[in-house]
Amino acid sequence: MTSFNVIRWIVWKDFVTELRSRETISSMVFFALIVILIFSFSFSMDQQAAREVIAGIMWVAFAFTGIIGLGKSFSTELQNDCLEALQMVPEAKGAIYLGKVAANFAFMFVVEILLFPMFVILFNLEVVEEISLLLLVFFLATVGLSAIGTLFSALTVQIRAREVMLPILLLPLVVPVMIAAVEATKGTLNGDPLAMYEQWLELLVIYDVVFTVVSFWMFEFVMDS
Amino acid sequence: MTIHRVIRKVQRFEGWFGGGAVLCLIAGLYLGLIGSPPDYYQGEVVRIMYIHVPLAHTSLLGYTVLAVGSLWYLWKRDPIVDNMCQAVAALSAVFTALALGTGMIWGKPTWDTWWTWDARLTSFTVLLLILIGYLMLRTFVDDPEKEARYGAILAIVGFVDLPIIHFSVEWWRTLHQPQSISMRGVSISSGLLVPLLFMSVGMSLLFSYMLMVRTQLLYLDRLLHAKKGRLLSQFHLSKSDS
């Protein structure tokens with residue numbers, strides 16, 4: 001098997017498990033709905049106020065649901081010692097990492113796409129014209145979250161209190177993604193000219209590149225045993 | 001095992017570090033609290049700078065040592081380097097917390113608020129969170145080798161992240177409100193600089209001294225545990241013989 005095949009098989013495996021159990025995506029979506037509901041209870045918002053805070057609420061919901069998906073990504077591998085089987089794959093460990101990143105990215109991105117219309121309806125947002133730009137923001141931020149999140153999902157899966165430790169370790173490290181995603185989303189939703197939030201997109205690209213490389217490299221050390 | 005010898009050799013000068021720290025800190029405190037004039041704008045309040053700035057510098061220095069040590073550990077897998085990493089992380093966390101605390105005390109009279117989402121303040125808070133996460137992670141891993149490896153990975157990822165966090169927070173703040181305080185354009189006179197220099201050197205020496213003592217302590221603790229394990233297994237073996 002070449003490394004590319006390893007990536008493909010891991011993505012395929014995660015997709016098939018998800019199609020059969022429908023555990024991850026459905027729990028992510030319902031959790032996000034509850035988060036949205038609680039936020040709308042906590043602030044009584046008119047449309048003007050909603051436009052100010054909606055990007056923040058959106059990314060809090062996405063980050064929390066993302067953590068649910070990321071946590072499941074490796075904890076399901078504990079059953080039947082699948083993790084050990086993965087560690088025995090003769091190809092480079094980086095291939096497993098990339099496969100898992102791709103699967104996690106796909107789950108998170110799908111959930112975000114499913115949730116966005118809910119935000120539009122529940123918070124009476126005006127329908128955005130530049131939907132492709134918004135998708136670009138979602139794409140870049142989700143790549144960053146899944147690149148570093150997959151590393152920490154693999155790292156926390158073999159320790160005690162893993163459900164607590166994943167967010168505790170991950171959230172401080174994704175502060176730049178959260179700031180950049182919120183600012184860029186706010187810009188697109190308000191219909192600002194691209195030049196006003198361009199720097200946030202650049203920051204997201206830099207973060208994605210840096211942390212895909214660093215996590216790819218560090219993943220070797222997580223898996224070796 | 002060269003690093004062992006290097007650490008042993010440096011450890012022999014432990015007392016010099018401690019003594020140097022005491023001398024520098026006494027000199028710095030004297031010059032800072034008594035010898036230097038009060039600030040034109042801030043008055044006597046400015047004197048907390050002589051504690052705050054060296055604390056902040058030293059904690060950043062400590063995190064750099066942690067990252068280098070972690071890289072070294074992943075490369076050579078030398079357990080004493082891991083003891084050093086654990087020691088430096090705990091000390092950096094303490095120094096970062098103290099820097100934040102003194103910063104808040106300084107902020108109250110000068111900015112009239114304990115807390116503001118200033119760029120440096122925010123990135124130091126994130127730094128503290130990463131360090132506490134590091135220390136927590138270490139307590140949750142049972143196998144010592146795994147504990148060291150996972151800690152090293154977190155430290156390296158965090159070290160790469162820190163400049164990005166700093167820049168993103170800085171951009172974020174400058175977009176929302178004008179910076180609350182700017183050091184640019186303010187030239188520090190030599191009356192302030194000399195005590196600051198003494199305090200910085202003294203604080204780094206103090207940090208190094210504490211680091212050496214703590215590393216040694218953790219190293220001996222590990223040896224003790226290994227010995228205890230050996231003795232216990234011998235005891236059980238001799239019992240099963242008879």
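Values in this document were obtained by computation on a predicted structure and should not be read as measured data. Letters A, B, ... are given to chains in the order of the sequence lines, protein chains preceding strands, and every chain is numbered from 1.
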Checklist entry - For atom CZ of B/F140, is the number of surrounding heavy atoms from other residues, nucleotides or ligands below 6.0 Å larger than 12? => result yes
Would you mind telling me which of [options] has the largest number of heavy-atom pairs within less than 4.5 Å of chain A?
options                : result
B/L154, B/I130, B/V169 : B/L154
B/I153, B/I165, B/L129 : B/I153
B/L74, B/V160, B/V126  : B/L74
B/L127, B/V141, B/I164 : B/I164

Check whether [X] gets within reach of chain A through its side chain, its backbone, both or neither, counting any heavy atom under 4.5 Å.
X      : result
B/I156 : side chain
B/L128 : neither
B/T139 : backbone
B/R138 : neither

Checklist entry - Does a side-chain heavy-atom distance below 4.5 Å link A/L136 with A/L133? => result yes
Item to check | Heavy-atom side-chain contact between A/V111 and A/F62 under 4.5 Å | outcome: no
Checklist entry - If you measure from CZ on A/F119 to OG on A/S40, what distance do you get to the nearest 0.5 Å? => result 9.5 Å
Next on the checklist: Quick check for you: to the nearest 0.5 Å, what is the distance between B/D221 atom CG and B/H225 atom NE2?
Outcome noted: 4.5 Å
Segment of [X] engaging chain B (4.5 angstrom heavy-atom cut-off):
X      : result
A/F211 : side chain
A/M218 : both
A/L155 : both
A/L171 : neither
A/L173 : both

Next on the checklist: Tell me the closest heavy-atom pair linking B/A155 and B/L66, and the distance in Å.
Outcome noted: CB-CG, 3.9 Å
Checklist outcome for this item: Smallest heavy-atom separation, A/M165 atom then A/R160 atom, equals CG-O, 4.3 Å
Item to check | Test: A/K186 cationic atom under 6.0 Å from A/Y197 six-membered ring centre, within 45° of axis | outcome: no
Checklist entry - Could A/E220 and A/K93 be called an ion pair, given the rule that one side-chain N must be under 4.0 Å from one carboxylate O? => result no
